[in-house]
Amino acid sequence: GRPFFRSVDPGRHMFIDMGGLKQVFSRSKTYPQMVALGALDVAVVGNDALEGNPYADQVEVTERLPQVNPDGRAVRMVIAGLGGKIPTVPLLRVATPFPEWAQKVFGERGIPHTIFAVSGGTESLIHAGVADVIFDVVETGDTLAANRLKLIENVGTLDTCVIRRK
């Protein structure tokens, strides 16, 4: 046992003191801000926490390791849908747990769109008629196949990054 610093709720431990090194537990999207503002010296985050993050330009990546699935294949960020291409619609409806990254990708392409930020079950929103495409992480592609969705585009790979303040 390592001693814990307790948060206001005694049942939720947010810090571990590791003999002079304090480990903080938080949502990955908050780490770039904590590092940029000097609350943390370094943090380990997925590059998805940096894409579209307003504090990303205030931190630098010092180490980058690719995230891989159990088969050794790269974990990817993809656009997927019922067809093999982005539908031509007046306003593309995009479901994603990564709204900042999706906003950046579709915005840079000049595609009129609206983002539905979700925290799970992304694939079901196309069949529910809420979204035209999804923007999500794919490890194996099994969930896409099970939901009869087709890969439209590999947008990038996911990496684990060590970041520090610039």
Side-chain angles (χ1 to χ4, degrees), residues 24-37 40 42-166:
V24 177
F25 298 96
S26 187
R27 296 192 181 269
S28 62
K29 292 179 181 182
T30 63
Y31 288 119
Q33 180 178 6
M34 288 191 281
V35 171
L37 297 176
L40 298 175
V42 296
V44 178
V45 298
N47 63 318
D48 58 288
L50 298 172
E51 293 291 342
N53 189 302
Y55 292 90
D57 63 341
Q58 297 175 44
V59 300
E60 67 178 324
V61 175
T62 62
E63 299 281 337
R64 186 180 291 266
L65 299 169
Q67 293 182 22
V68 295
N69 69 17
D71 296 332
R73 293 181 295 178
V75 176
R76 303 162 287 145
M77 182 63 72
V78 306
I79 300 169
L82 292 173
K85 64 180 186 168
I86 294 175
T88 304
V89 292
L91 184 67
L92 185 70
R93 300 169 302 159
V94 182
T96 181
F98 305 94
E100 294 88 0
W101 195 351
Q103 181 66 40
K104 180 181 172 189
V105 167
F106 291 99
E108 286 175 350
R109 296 173 183 197
I111 298 172
H113 65 282
T114 187
I115 302 287
F116 289 93
V118 298
S119 60
T122 310
E123 296 83 3
S124 67
L125 296 178
I126 291 178
H127 296 293
V130 175
D132 301 306
V133 297
I134 65 168
F135 184 88
D136 206 354
V137 172
V138 170
E139 292 184 18
T140 64
D142 292 345
T143 304
L144 290 180
N147 287 281
R148 299 184 316 277
L149 300 180
K150 297 187 182 333
L151 175 70
I152 295 172
E153 181 182 339
N154 284 311
V155 175
T157 58
L158 270 67
D159 298 322
T160 299
C161 304
V162 177
I163 60 171
R164 70 176 177 198
R165 190 175 181 187
K166 284 186 178 177

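Computed from a predicted structure; not experimentally measured.
In this structure K150 satisfies the salt bridge (charged side-chain N to carboxylate O under 4.0 Å, His left out) test with no other residue, sequence neighbours excluded. Legend: residues meeting side chain to side chain contact (heavy atoms under 4.5 Å, CB included) with V75, ordered by chain and number and at least two apart, are Q67, V137, E139, L158. The side-chain hydrogen bond (donor to acceptor under 3.5 Å, both in side chains) search around E123 returns none, not counting sequence neighbours. Among residues two or more places apart in sequence or in another chain, the side chain to side chain contact (heavy atoms under 4.5 Å, CB included) test is passed with D142 by T140. Applying the side-chain hydrogen bond (donor to acceptor under 3.5 Å, both in side chains) test to T122 and every residue at least two apart in sequence or in another chain returns D136. Remark: N47 pairs with no residue by the side-chain hydrogen bond (donor to acceptor under 3.5 Å, both in side chains) rule, at least two apart or across chains. Qualifying side-chain hydrogen bond (donor to acceptor under 3.5 Å, both in side chains) partners for R148, counting only residues two or more places apart in sequence or in other chains: none.
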Atom pairs and distances, donor-acceptor, side-chain atoms in residues 113-121, under 3.5 Å, two or more places apart:
from	atom 1	to	atom 2	distance (Å)
H113	ND1	I111	O	2.6
H113	NE2	Q103	OE1	3.2
H113	NE2	Q103	NE2	3.3

Let me have the donor-acceptor pairs involving side chains of residues 58-66, under 3.5 Å, with sequence neighbours excluded, atom names and distances please.
from	atom 1	to	atom 2	distance (Å)
E60	OE2	R164	NE	2.7
E60	OE2	R164	NH2	3.1
T62	OG1	V162	O	3.3
R64	NH1	D159	OD2	3.1

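At least one donor-acceptor pair under 3.5 Å links the side chain of N53 to the backbone N or O of Y55. Side chain of R76 to main chain of G156: no donor-acceptor pair is present (N/O by atom type, distance under 3.5 Å, no hydrogens or angles).
Nearest approach of P97 to F135, heavy atoms of both residues: CD-O, 3.7 Å. Across every non-hydrogen atom of I163 and P32, the tightest pair is CD1-CA, 3.9 Å. Among all heavy-atom pairs drawn from A80 and I152, the shortest one is C-CD1, 3.7 Å.
Note on residues 25-35: pairs passing salt bridge (charged side-chain N to carboxylate O under 4.0 Å, His left out), not counting sequence neighbours, are K29-E100. For residues 78-93, the pairs satisfying side chain to side chain donor-acceptor pair (under 3.5 Å) are R93-D132, with sequence neighbours left out.
One distance of note links CD1 of I134 with CG of N147; it measures 8.0 Å at 0.5 Å rounding.
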